[in-house]
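What follows is a set of notes on a single structure, which appears directly below.
Atom set for the values below is all heavy atoms of this structure, side chains included, hydrogens, waters and symmetry mates excluded. In the text below, chain A, chain B and the rest are named by the order of the sequence lines, each starting its count at 1.
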Amino acid sequence: MFVHNENFNIMQIAASGQCFRMNRMNESKKQKCNLVAYGRYLELTQLDAETVELSCSEEEFHQIWEEYFDLSYDYSKVVTELISGEDEFLKKAAEYGRGIRILKQEPFEAAISFIISQNKNIPAIKSCIEGICRCYGEDKISRECGNTPFHLFPKAEVLARADKEALRSLNTGYRDEYILQAARSVVLGDLNLEDLKSKSFEEAVDTLKKLRGIGEKVANCISLYGLHHIEGFPIDVWILRALKEVYNNRFDKGKYQGYAGIVQQYMFYYIRYLKGIKES
DNA sequence: AGCCAGGTGACCG
DNA sequence: CGGTCACATGGC
């Protein structure tokens, strides 16, 4: 199954810090990644600048991945606008990260993942999440995965009953309690993530922030990557650095109303590149 | 060896 | 409101 799109680069997406279970496969120096989401295992190969091969059937692609990779949204419009705009930093950022797209991840996975993400670096977040999937996620096998089982991200029901000490031993640190409480809120129906998709971005953020361990930044991440509120604009240490050093704290995201989250993603990916961070 | 990481909550004035 | 501090732990 092939996808042609000039704004679809799997290595850039995998290194963009929005998802933590998309990994480079590093075999025969091909640009190849794998991924587990929505109960499936998928392999992707970047054949050239505008062609990606997916290991799934056409049916599965239309059922799951077309939506997951937000392939009906016109990212070239955003990139073109930024490249032809006045902002020199965003010009270069959009040029550099033009293959990035905002994924539509599973809401619960995004919620827990970004609770874990606080005050951790990306490799540490990834290994922590893998541990949680290994211990609490359902095992599946597929032809594409060569009969080695892969692990789904755990259901809220399972995580909600996890032992705190066991969670702690998976390097969650002080976030163990946050994870348990979030999972329990979902199980009890106090937090309905699906519901928040159809609410406004502001309401989604406000609702998420009521949970312990979710502040402004994490709420923006969950909204952006898990609920696809693309006006979200998470400000972490990297974005803060860019806003200070590049813009002297005068950046106005209001110019990008309705899609600031995409702009944020180009900024994040580019500032980290400028600072010499190796792709993770 | 020490600083940093896709931060947050508690506490202070 | 805005500043400071502890928090648990791996990466580099």
- Message: Please determine whether any donor N or O and acceptor N or O are separated by less than 3.5 Å between the side chain of Tyr178(A) and the base of dG9(B).
- Response: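 It does not, because no donor-acceptor pair links the side chain of Tyr178(A) to the base of dG9(B) below 3.5 Å.
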- Would you say the base of dA5(B) and the side-chain of Asp236(A) have a donor-acceptor pair closer than 3.5 Å?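 No such pair is found, so the answer is no.
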- Message: Go nucleotide by nucleotide along DNA chain C from the 5' end; which of Gln118(A) and Ala124(A) gets its closest nucleotide reached first?
- Response: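 Looking at the nearest nucleotide for each, Gln118(A) comes out on the 5' side.
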- Query: Contact class for Ile214(A) (heavy atom, under 4.0 Å): base, sugar-phosphate, or nothing?
  - Reply: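 The residue Ile214(A) makes sugar-phosphate contact but no base contact.
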- Query: Using a cut-off of 4.0 Å on non-hydrogen atoms, how would the nucleic acid contact of Asn119(A) be classed: base, sugar-phosphate, or nothing?
  - Reply: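 Result for Asn119(A) = base.
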- Message: Minimum heavy-atom separation for Ser55(A) and Leu42(A), please, with both atom names.
- Response: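 Here Ser55(A) and Leu42(A) meet closest at OG-CD1, 3.6 Å.
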- Find the distance Lys164(A):NZ to dA8(C):P and express it as a whole number of Å.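 Rounding to the nearest Å, NZ of Lys164(A) and P of dA8(C) are 11 Å apart.
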- Task: Please report, rounded to the nearest Å, how far the P atom of dG7(B) is from the CG atom of Leu211(A).
- Result: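 Going from CG in Leu211(A) over to P in dG7(B) covers 18 Å.
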- Just grab all the ring-ring contact (aromatic ring centres under 6.0 Å, His included) pairs involving residues 115-151 of chain A, residues at least two apart or on different chains.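 Found Tyr41(A)-Phe150(A).
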- Message: Once ring-ring contact (aromatic ring centres under 6.0 Å, His included) is applied, do any residues pair with Phe201(A), and if so which ones, sequence neighbours excluded?
- Response: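 For Phe201(A), no residue satisfies ring-ring contact (aromatic ring centres under 6.0 Å, His included) once neighbours in sequence are set aside.
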- Message: Just to verify, which of Ile230(A), Thr207(A), Val205(A) counts as forming a side-chain contact (heavy atoms from CB on, under 4.5 Å) with Ser223(A)?
- Response: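 Testing each of Ile230(A), Thr207(A), Val205(A) against Ser223(A), the sole residue satisfying side-chain contact (heavy atoms from CB on, under 4.5 Å) is Val205(A).
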- Query: From dA8(C), dG7(B), dA5(B), pick the nucleotide closest to the side chain of Arg175(A)?
  - Reply: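 In terms of side-chain proximity for Arg175(A), the closest of dA8(C), dG7(B), dA5(B) is dA8(C).
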